Amino acid sequence: LDIVPLREPLVHEFDTVALWFSLPQHVETRIMQCHGEQVLPNVAQALANAIAAVLPVFAMCDAGDVASVACSASEYGPLSRLDGIEGTSICLYDRIEGGCGISSRAVDVLERIWSMSLDLIRRCA
């Protein structure tokens, strides 16, 4: 066993299928009013994680086949190259190179996924 310094950044880039959406401005505003601006990225990532955890219920896949990331349009992140990104956005993507249709299936049941994800977060609070 040894400690070895890693070179940054640790990034694995690949083409896949994804869906993304921006949080509504009124949701961002409410989060910042209640908890402060500094927690918005953490709340968005918590929601992204919950969505990735709930999706396999609807897509009949392994939880490791899908991933999520949240970032704001102002920061350099994986969503920075997409047109139309405004505010804080969440990207849900297939972790399989070339995609396998998991995030595509999410589009049809997105409202149910959001609802179940928010319920999951509420129960954890």
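We number each residue from 1, following the sequence as shown. Computed from a predicted structure; not experimentally measured.
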**Request:** Please report the closest heavy-atom contact between M32 and L40, naming both atoms and the distance.
**Result:** SD-CD2, 4.2 Å
**Prompt:** For residues 89-125, which residue pairs qualify under ring-ring contact (aromatic ring centres under 6.0 Å, His included), counting only residues two or more places apart or in two chains?
**Reply:** F21-W114
**Request:** Among residues two or more places apart or on two chains, list those pairs meeting ring-ring contact (aromatic ring centres under 6.0 Å, His included) that have a residue in residues 30-61.
**Result:** none
**Asked** Are I51 and L118 co-members of a hydrophobic cluster defined by side-chain heavy atoms under 4.5 Å apart?
**Response** yes
**Prompt:** Would you find a donor on one side and an acceptor on the other, under 3.5 Å apart, between the side chain of D94 and the backbone of G101?
**Reply:** yes
**Prompt:** How far does OG1 of T16 sit from CD of E97, to the nearest 0.5 angstrom?
**Reply:** 8.0 Å
**Message:** Measuring only between side-chain heavy atoms, which start at C-beta, is S117 closer than 4.5 Å to L47?
**Reply:** yes
**Message:** Apply the hydrophobic cluster definition, ILVMFWY joined by side-chain contacts under 4.5 Å directly or through others, and give me every member besides V17.
**Reply:** none
**Asked** Got more than 12 heavy atoms from elsewhere within 6.0 Å of CG, D62?
**Response** yes
**Message:** If you count every heavy atom of other residues, nucleotides or ligands that lies below 6.0 Å from Q38 atom CD, does the total exceed 12?
**Reply:** yes
**Heavy-atom donor-acceptor pair, S68 side chain to A52 backbone, under 3.5 Å** = no
**Item:** side chain to side chain contact (heavy atoms under 4.5 Å, CB included) partners for Q25, two or more places apart
**Value:** E28, T29
**Message:** Please determine whether residues L92 and L110 belong to a single hydrophobic cluster, defined as Ile, Leu, Val, Met, Phe, Trp and Tyr linked transitively by side-chain heavy-atom distances below 4.5 Å.
**Reply:** yes
**Message:** So which atom in C61 and which in P56 form the shortest heavy-atom distance, rounded to 0.1 Å?
**Reply:** O-CB, 3.4 Å
**Item:** Shared hydrophobic cluster, I121 / V27 (ILVMFWY, side-chain heavy atoms < 4.5 Å)
**Value:** no
**Complete:** So salt bridge (charged side-chain N to carboxylate O under 4.0 Å, His left out) across residues 109-125, not counting sequence neighbours, yields D119-R123
**Message:** Once side chain to side chain contact (heavy atoms under 4.5 Å, CB included) is applied, do any residues pair with N42, and if so which ones, sequence neighbours excluded?
**Reply:** none
**Asked** Do you reckon I90 sits in the same ILVMFWY cluster as V109, going by side-chain contacts under 4.5 Å, direct or chained?
**Response** yes
**Message:** Return the OG to CG distance between S103 and L55, rounded to the nearest 0.5 Å.
**Reply:** 8.0 Å
**Message:** Taking A67's backbone N and O only, do any of them form a donor-acceptor pair with R95's side chain (distance below 3.5 Å, no angle check)?
**Reply:** no
**Prompt:** Are I102 and V54 joined in one hydrophobic group, where the rule is that I, L, V, M, F, W and Y side chains link up if heavy atoms are under 4.5 Å apart?
**Reply:** yes
**Fill in**
NE2 (H26) and CD1 (I31) are apart, to the nearest 0.5 Å, by 9.5 Å
